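These numbers were taken from a predicted model, which means no experiment stands behind them.
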Amino acid sequence: MLIRFGFRESLLYPGLFVLYLAIRRIVKYLLEVQLLEIKLSYNLVLIMFIFEIIIGLIYLFFRNRKNDTTVTSEFMGIPLIKEDSSLKRPDSNLKVIILIILAAYFEMIGVTSRRYLTINTTSNESNLYDEYHAKYRSSEIIIASILCLFTLKIKIYRHHIFSLIVIVICLVVISITEIFCQTYKLIFCVFILISSISRVFLDTIERYLFEIDFVDIYKITIFEGVIDTIFTSFLFLFDGPKEELMNLLYNKKGVNNLKYWIGIFLFLVYGALSALKNINRRFTVKIYSPMTRALAESILDPFFITYGYIGNKQPNEKELISFIVTFICSILMVFCSCIYNEIFVLYCFGLERKTHLYVLHTNSNLELPEDNNKNESLDDDIDQNSDI
């Protein structure tokens with residue numbers, strides 16, 4: 001078989017991450033278009049960070065009541081280490097605090113860079129930015145793989161290189177098509193690049209804190225939530241965010257309007273969904289990698305690109321060409337991201353080597369040798385078969 005599905009027993013956290021991401025997008029649409037009919041960009045950022053603090057504190061409260069502070073849970077048969085005072089961190093508390101502040105800073109830059117652009121654009125331009133983000137989001141897996149190679153020493157093998165090359169080609173094809181069809185927006189690409197780099201730095205720093213310093217996921221969620229809530233509060237000193245807040249509190253529909261209160265309820269639901277999304281993002285980064293997070297977030301992009309094109313009431317011939325090329329490239333990029341993360345394993349040109357599926361299959365077919373000479377020969381064969 002040329003392609004095999006590399007099932008890993010559980011894709012719970014990436015799956016929940018994608019689910020919360022999709023539901024949150026629907027809730028945002030209902031809020032801004034159907035119910036309150038106002039932009040809520042900075043308000044949604046603030047409520048997201050507040051709910052990160054609330055949900056993190058709720059979990060820690062119930063965990064402490066159960067005295068659940070030891071290594072008791074498992075994932076795929078591997079014990080998951082929760083924060084334990086008996087574990088000695090290699091880094092000082094000061095360094096850990098600085099890294100958490102940096103992670104919060106990059107999270108803040110990532111979520112506000114998009115808001116800064118869309119709040120100063122028309123509704124159509126804002127929707128176009130969302131479509132652009134879907135087109136170029138796969139660039140995050142490229143940035144993440146390079147950064148993780150040099151910082152976390154996460155190795156890149158043949159199937160990784162193949163996937164990244166195809167993704168780069170697809171991004172270049174999309175850009176050339178956009179320029180040819182006169183739909184290229186440089187300012188959008190700049191903000192997407194800023195947002196993507198910030199997200200990758202956030203994931204990489206958090207992966208380091210989880211893997212090296214054994215920082216608890218819920219505690220880092222609370223700490224980052226507090227820091228980002230403080231950062232976000234300062235934004236409301238400026239006219240744009242302040243006007244957004246006033247529009248929410250003193251909505252034109254009035255407090256006697258049922259739609260207003262449904263909107264306020266969904267506003268709180270959005271905050272809870274965002275917090276749960278970010279918690280599952282952190283679990284995905286910890287158990288898998290920042291590249292898996294990038295895949296999980298980009299897997300819905302073909303649907304967003306299609307929705308953006310359908311939402312264009314009068315598409316011309318050039319926009320149709322751009323859509324077709326972009327849609328095909330987005331499917332290829334998602335597929336290659338799955339190959340990178342070994343969800344799909346290609347058994348050709350040696351791309352299966354160094355994948356977890358190939359290693360498991362090879363080990364299951366090994367027989368114990370009868371003497372030391374055979375043992376050494378067998379080890380040599382394994383090494384030769386595993387080399388790229």
Side-chain angles (χ1 to χ4, degrees), residues 1-19 21 74-80 137-171 196 199-200 203-204 206-208 210-211 280-302 329-366 382-388:
M1 184 181 296
L2 184 61
I3 301 177
R4 292 186 62 182
F5 180 63
F7 188 66
R8 293 195 181 191
E9 291 190 23
S10 177
L11 294 173
L12 174 64
Y13 295 115
L16 288 175
F17 175 70
V18 174
L19 177 63
L21 187 67
E74 292 186 350
F75 177 81
M76 296 168 56
I78 303 174
L80 293 179
R137 201 193 315 267
S138 291
S139 61
E140 291 182 18
I141 196 171
I142 301 172
I143 302 170
S145 61
I146 295 173
L147 185 60
C148 289
L149 174 64
F150 291 103
T151 58
L152 301 177
K153 308 302 180 184
I154 297 179
K155 295 181 180 180
I156 296 179
Y157 297 114
R158 184 176 298 182
H159 61 288
H160 298 138
I161 296 174
F162 169 80
S163 303
L164 295 178
I165 290 174
V166 175
I167 292 173
V168 169
I169 293 173
C170 288
L171 290 173
S196 297
R199 287 168 182 259
V200 171
D203 291 340
T204 306
E206 288 184 342
R207 174 62 183 261
Y208 178 88
F210 299 147
E211 191 174 90
N280 282 280
R281 176 189 63 78
R282 292 183 175 99
F283 272 110
T284 300
V285 169
K286 177 181 180 180
I287 297 173
Y288 295 99
S289 70
M291 287 70 75
T292 306
R293 192 281 309 166
L295 164 63
E297 196 150 2
S298 64
I299 202 165
L300 297 175
D301 287 343
C329 287
S330 67
I331 294 292
L332 282 174
M333 288 190 291
V334 170
F335 178 72
C336 287
S337 296
C338 290
I339 293 175
Y340 187 103
N341 288 280
E342 301 176 18
I343 295 176
F344 296 133
V345 178
L346 294 181
Y347 279 77
C348 60
F349 307 112
L351 296 176
E352 75 280 3
R353 294 177 182 174
K354 297 293 185 178
T355 63
H356 76 283
L357 197 63
Y358 180 78
V359 172
L360 288 175
H361 177 73
T362 302
N363 290 340
S364 65
N365 289 315
L366 293 180
I382 295 173
D383 291 338
Q384 290 175 4
N385 291 333
S386 300
D387 288 340
I388 295 181

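For the pair Arg293 (side chain) and Phe283 (backbone), a donor-acceptor distance under 3.5 Å is absent. No donor-acceptor pair closer than 3.5 Å links the side chain of Arg199 to the backbone N or O of Ala294.
The side-chain heavy atoms of Ile146 and Val200, taken from C-beta on, include no pair separated by under 4.5 Å. Contact check for Pro14 versus Ile287: no side-chain heavy atoms found under the 4.5 Å cut-off. By the 4.5 Å heavy-atom criterion applied to side chains, Phe349 and Arg158 are not counted as neighbours. You'll find the side chain of Glu297 reaches within 4.5 Å of the side chain of Leu21, heavy atoms only. Contact of the Val166 side chain with the Phe162 side chain is registered, since non-hydrogen atoms from C-beta on lie closer than 4.5 Å. A heavy-atom distance below 4.5 Å is not found between the side chains of Ser298 and Met333. Using a 4.5 Å heavy-atom threshold, the side chains of Asp203 and Arg281 count as touching. Looking at Leu19 and Asn280, their side chains never come closer than 4.5 Å, going by heavy atoms from C-beta outward.
The nearest pair of heavy atoms linking Lys286 to Phe210 is CB-CD1, 3.6 Å. Nearest heavy atom pair, residue Ile167 against residue Cys336, reads CG1-CB, 4.0 Å. The shortest non-hydrogen separation linking Met291 to Cys148 is SD-SG, 3.9 Å.
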Asp301 vs Ser330, test: side-chain hydrogen bond (donor to acceptor under 3.5 Å, both in side chains). Steps then yes/no. CA-CA 7 Å; Asp301 287 343; Ser330 67; over 6 Å; no

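With sequence neighbours left out, the ring-ring contact (aromatic ring centres under 6.0 Å, His included) criterion links Tyr340 to His160.
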